[in-house]
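In the text below, chain A, chain B and the rest are named by the order of the sequence lines, each starting its count at 1.
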Amino acid sequence: CKILKCNSDFWSATAGGPSPASSDDPAPEFCAALRTYALCTRRTARTCRGDLAYHSAVHGIEDLMGQHNCSREGPTAPPRPRTPPAPPPAAPAGPGDSQERADSPEVCHYEQRSGPRRANYTHCGLFGD
Amino acid sequence: PHLRTFTDRFQTCKVQGAWPLIDNNYLNVQVTNTPVLPGSAATATSKLTIIFKNFPECVDQKVYQAEMDELPAAFADGSRNGGDQHGANSLRITEKVSGRHVEIQARYIGTTIVVRQVGRYLTFAVRMPEEVVRAEEEQGGGQGLYLCLRGCPRSQQIDVQPLGGPPGAAAGSAPAPAAAAAPDTFPYETAAAKCKERLPVEDLYYQACVFDLLTTGDANFTLAAYYALEDVKMLHSDKDKLHLYDRTQEAPGRAAAAM
């Protein structure tokens with residue numbers, strides 16, 4: 001379930017500016033971000049069934065759309081800009097490498113992110129002539 | 001090449017030229033196969049391109065490319081990890097044997113990839129969560145038409161008969177379509193004996209080994225089959241399914257449906 005990614009994408013998209021103060025004047029960018037957020041949750045619906053964070057997000061989007069008078073149909077937010085490159089490390093491990101980071105966010109560990117249910121793994125191979 | 005799909009189907013394919021092995025939201029793997037002998041239907045992998053797509057907060061898009069006699073231990077940009085984001089080390093390349101064997105860990109998608117050069121040609125193996133395999137389906141965009149999921153199209157499959165004995169014997173027959181062009185191949189008994197040394201279990205890996213020796217006369221393919229089985233032992237989650245005995249030839253689509 002990738003609801004945390006939907007959440008973080010939404011917060012990243014909306015953190016730069018204030019949300020609209022009144023429902024009479026919906027902010028197009030905020031509504032677009034909300035529609036993107038809704039789309040993201042729909043894409044994760046199957047794997048997130050029963051996930052509290054997922055259902056909270058779905059209800060939260062409904063509330064926010066109502067509060068800010070956002071239409072369900074309309075443009076979505078443009079892709080999130082990439083993270084600007086960090087300054088080069090003092091002693092890189094290799095050409096172009098970043099420094100070791102022991103504290104990678106949970107989202108970067110598939111097994112931690114997928115929670116207590118055990119992932120099923122598959123294999124594919126290609127060899128010979 | 002010989003293909004073992006995500007659903008444990010085993011096929012020998014022509015697939016000359018560039019073909020997608022994997023194509024989903026996170027990963028794109030493309031292989032290029034070239035004839036092992038002029039005029040032969042049998043091909044082997046001469047180039048491999050892997051694209052790890054951008055994964056926010058973890059890794060930048062990274063491209064890995066290997067070709068015959070060039071198996072780098074770094075991505076195309078010279079780096080060995082996922083770039084500059086906070087979780088960059090959730091994607092890493094490790095060189096196991098210089099110029100011969102690399103392993104790529106993509107921890108953010110629970111995926112391990114092994115690439116080898118054995119003889120002149122490349123081999124590929126991957127371990128991937130089913131959820132990641134199905135990612136394209138969840139997004140509803142792609143058709144999932146890639147070899148690891150659907151197998152080779154029927155028109156690209158080589159009809160390899162069970163290799164139970166020498167060509168023409170009642171128990172089996174030589175891989176005629178591909179062997180016809182091979183000038184200096186082994187006699188069946190020699191090929192079988194060479195393969196038996198490395199692959200004592202007469203499964204499809206053993207049969208693939210015999211096929212390759214009969215087709216090309218290149219003893220390096222014995223090692224390719226041997227290492228392919230070693231990679232299965234390391235990467236496959238079901239230890240009861242390491243050895244396969246029944247070849248799969250069926251219409252594309254059924255394999256994916258079985259998943």
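Between B/Val126 and A/Cys124, the closest side-chain pair of non-hydrogen atoms falls below 4.5 Å. By the 4.5 Å heavy-atom criterion applied to side chains, B/Val132 and A/Tyr110 are counted as neighbours. Residues A/Cys108 and B/Arg107 fail the side-chain proximity criterion, which asks for heavy atoms closer than 4.5 Å.
Heavy atoms closer than 4.5 Å to chain A are found in the side chain of B/Leu21, but not in its backbone. Heavy atoms closer than 4.5 Å to chain A are found in the side chain of B/Phe55, but not in its backbone. Interface residue B/Val31: only side-chain heavy atoms are found under 4.5 Å from chain A. Heavy atoms closer than 4.5 Å to chain A are found nowhere in B/Tyr121, neither backbone nor side chain.
Taking both residues in full, the closest heavy atoms of B/Ser237 and A/Tyr121 are given as OG-O, 3.0 Å, listed atom of the first, atom of the second, then distance. Shown here for B/Ala224 and A/Gly128, the closest heavy-atom pair between the two residues is CB-N, 4.3 Å.
Annotation for B/Glu95: atom CD counts as buried by contact number, over 12 foreign heavy atoms lying within 6.0 Å. Annotation: B/Lys241, atom NZ; neighbour count of heavy atoms from other residues, nucleotides and ligands within 6.0 Å does not exceed 12.
Your options are B/Thr43, B/Ile113, B/Leu235, B/Asp218, and the one with the most heavy-atom pairs under 4.5 Å with chain A is B/Thr43. Contact count against chain A (heavy-atom pairs under 4.5 Å) is highest for B/Gly110 among B/Gly110, B/Ser90, B/Ala106. Heavy-atom pairs under 4.5 Å with chain A peak, among B/Ala44, B/Pro35, B/Cys13, B/Cys58, at B/Cys58.
Ring geometry for A/Phe127 against B/Tyr205 counts as parallel: the plane angle stays under 30°, on a 0 to 90° scale with 60° as the upper cut.
Taking NE2 from A/His123 and CE from B/Met234, the interatomic distance works out to 9.0 Å, rounded to the nearest 0.5 Å. The distance from the CZ atom of B/Arg134 to the CG atom of A/Asn120 is 8.0 Å, given to the nearest 0.5 Å. Here the NE2 atom belonging to A/His109 is positioned 14.0 Å from the CD1 atom belonging to B/Ile109, to the nearest 0.5 angstrom. B/Leu147 CG to A/Leu126 CG: the interatomic distance, rounded to the nearest 0.5 Å, is 7.5 Å.
At least one donor-acceptor pair under 3.5 Å links the side chain of B/Asp212 to the backbone N or O of A/Asp129. At distances below 3.5 Å, not a single donor-acceptor pair connects side-chain atoms of A/Thr122 with backbone N or O atoms of B/Glu130.
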